[in-house]
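Just so it is clear, the model here is predicted, and its values are computed rather than measured. Chain A is the first sequence line, chain B the second, and so forth, proteins listed ahead of strands; every chain is numbered from 1.
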Number of protein chains: 2
Amino acid sequence: MHYEDLINSVKQRRDMLNVTQEMLADLSGVGLRTLKQFESGKGNPTVETLQKLGDALGLELNFRVKNLIAE
Amino acid sequence: MHYEDLINSVKQRRDMLNVTQEMLADLSGVGLRTLKQFESGKGNPTVETLQKLGDALGLELNFRVKNLIAE
DNA sequence: ATAAAAAGAGCCATGTAATGCACTATGAAG
DNA sequence: CTTCATAGTGCATTACATGGCTCTTTTTAT
């Protein structure tokens with residue numbers, strides 16, 4: 001999963017739940033500015049930021065073994 | 001997946017591949033100091049750092065929808 | 001027991017993530 | 001076209017992640 005996929009996971013999930021950036025910022029405890037930067041692809045967030053967002057959205061961050069065959 | 005699970009994913013995978021911290025630091029392009037901090041649970045790495053480590057170990061970072069029932 | 005390898009920690013400099021505030025851009029509804 | 005909600009950007013500040021160096025601790029092998 002590339003970085004953009006992480007971004008899209010958050011965006012899509014947020015849209016699916018009908019939550020605005022402002023609401024998600026409040027719910028997750030992540031600053032609105034930080035969330036905006038993340039979603040617009042500008043940042044290099046820390047794992048803590050990702051986990052806060054994930055927690056608020058019911059997503060969990062994990063490492064998966066890559067499938068080398070079906071890239 | 002909690003933060004410790006991310007750490008353990010890297011440690012276990014590194015051990016499985018018989019790679020030292022020093023080797024992984026070189027392979028991934030992550031500083032040895034940073035890797036040591038991460039594995040010893042001290043840090044709050046950026047997603048870039050996690051992805052570099054993942055790339056070198058054949059792991060990919062992703063968001064999964066949480067299963068609320070079987071926590 | 002001891003030596004070598006690997007892992008962890010302190011110190012420090014540099015870069016940048018996080019954040020608030022104010023402003024702009026985009027988009028939808030009237 | 002205007003208005004309102006939502007999303008994106010510039011700027012400045014603070015906090016901390018990164019990474020090299022050195023030293024200590026732990027683990028492993030002989």
Side-chain angles (χ1 to χ4, degrees), chain A residues 1-69 71, chain B residues 1-69 71:
Chain A
M1 182 176 268
H2 301 87
Y3 183 54
E4 280 138 32
D5 297 320
L6 291 178
I7 298 174
N8 289 332
S9 295
V10 167
K11 277 204 224 181
Q12 285 169 19
R13 185 85 173 155
R14 184 170 66 74
D15 286 346
M16 191 200 317
L17 299 173
N18 263 290
V19 172
T20 64
Q21 287 180 339
E22 197 164 5
M23 290 164 79
L24 177 55
D26 287 345
L27 287 171
S28 63
V30 168
L32 179 57
R33 191 67 180 70
T34 302
L35 175 57
K36 283 173 183 299
Q37 272 194 88
F38 171 64
E39 284 199 9
S40 60
K42 298 286 169 52
N44 176 27
T46 63
V47 64
E48 185 183 8
T49 295
L50 290 181
Q51 289 192 332
K52 282 181 183 172
L53 294 175
D55 285 349
L57 292 172
L59 297 173
E60 68 178 12
L61 196 59
N62 56 56
F63 267 128
R64 288 190 65 174
V65 177
K66 265 186 209 162
N67 182 347
L68 297 178
I69 298 163
E71 177 76 9
Chain B
M1 182 175 270
H2 300 90
Y3 184 53
E4 279 139 30
D5 297 321
L6 291 178
I7 298 175
N8 289 333
S9 294
V10 167
K11 276 203 224 181
Q12 285 168 20
R13 185 85 175 154
R14 184 170 64 75
D15 286 346
M16 190 201 318
L17 300 174
N18 263 292
V19 171
T20 65
Q21 288 181 338
E22 197 165 5
M23 291 164 77
L24 177 55
D26 287 344
L27 287 171
S28 64
V30 168
L32 181 57
R33 191 69 180 71
T34 302
L35 175 57
K36 284 173 184 296
Q37 272 193 84
F38 170 64
E39 283 199 9
S40 60
K42 297 285 169 51
N44 177 28
T46 63
V47 63
E48 185 183 5
T49 294
L50 290 180
Q51 288 190 331
K52 283 181 184 173
L53 295 175
D55 284 348
L57 292 172
L59 297 173
E60 68 178 12
L61 196 60
N62 57 53
F63 267 129
R64 288 192 64 174
V65 177
K66 263 186 209 161
N67 183 347
L68 297 178
I69 298 163
E71 177 77 8

Under 3.5 Å, which N/O atoms of the protein pair with N/O atoms of nucleotides 19-24 of chain C?
{"from": "C/dT19", "atom 1": "OP2", "to": "A/Gly31", "atom 2": "N", "distance (Å)": "3.0"}
{"from": "C/dT19", "atom 1": "OP2", "to": "A/Thr34", "atom 2": "OG1", "distance (Å)": "3.0"}
{"from": "C/dG20", "atom 1": "O6", "to": "A/Arg33", "atom 2": "NE", "distance (Å)": "3.3"}

Exercise for review: Calculate the interatomic distance between B/Asn18 atom CG and C/dA7 atom P; express it in whole Å.
Suggested key: 10 Å
**Study point:** Spacing between A/Phe38 atom CZ and C/dA18 atom P, to the nearest angstrom
**Key:** 10 Å
Check your understanding: Between the side chain of A/Asp26 and the main-chain N/O of A/Met23, is any donor-acceptor distance below 3.5 Å?
Key -> no
Exercise for review: Any chance you could measure B/Arg14, atom CZ, to B/Gln21, atom CD, to the nearest 0.5 Å?
Suggested key: 4.5 Å
**Study point:** Distance in Å, A/Leu50 CG paired with B/Leu61 CG, rounded so as to fall on 0.5 Å steps
**Key:** 7.0 Å
Kindly give the atom pairs (protein nitrogen or oxygen, nucleotide nitrogen or oxygen) under 3.5 Å for nucleotides 26-29 of chain C.
none

Practice item. Indicate the atoms forming the closest heavy-atom contact of A/Phe38 with A/Val10, along with that distance. Key: CE2-CG2, 3.6 Å
Practice item. Please report the closest heavy-atom contact between B/Gly43 and B/Tyr3, naming both atoms and the distance. Key: O-OH, 3.1 Å
Review point. To the nearest angstrom, how far is A/Leu24 atom CG from C/dA18 atom P?
Key: 14 Å
**Study point:** Contact under 4.0 Å: B/Lys42 side-chain N or O vs C/dG8 OP1/OP2
**Key:** no
Check your understanding: Should B/Ser40 be listed as having a side-chain N or O under 4.0 Å from OP1 or OP2 of C/dA9?
Key -> yes
Review point. If every non-hydrogen atom of A/Glu39 is compared with every non-hydrogen atom of A/Ile7, which pair is closest and at what distance?
Key: O-CG2, 3.6 Å
Revision key, fill the gap. The reported gap from CD in A/Glu48 to CG in B/Asn44 (rounded to nearest 0.5 angstrom) is 5.0 Å
Check your understanding: How many Å lie between OH on B/Tyr3 and C1' on D/dA17, as a whole number?
Key -> 11 Å
Revision key, fill the gap. To the nearest 0.5 Å, atom CD of A/Gln37 lies from atom CZ of A/Arg33 at 4.5 Å
Study note, to complete from the structure: dist B/Asn62:CG -> A/Leu6:CG (nearest 0.5 Å) comes out at 7.5 Å
Practice item. Please state how far atom CG in B/Leu50 lies from atom C1' in D/dT18, giving the value in whole angstrom units. Key: 13 Å
Check your understanding: Between atom CD in A/Glu39 and atom P in C/dA25, what is the gap in whole Å?
Key -> 21 Å
Practice item. Report the distance from atom NZ of A/Lys11 to atom C1' of D/dG8, rounded to the nearest whole Å. Key: 10 Å
Review point. Of B/Val19 and B/Thr46, whose closest DNA chain C nucleotide lies nearer the 5' terminus?
Key: B/Val19
Review point. Within this structure, what is the CZ-to-P distance between A/Arg14 and D/dT6, rounded to whole angstrom?
Key: 10 Å
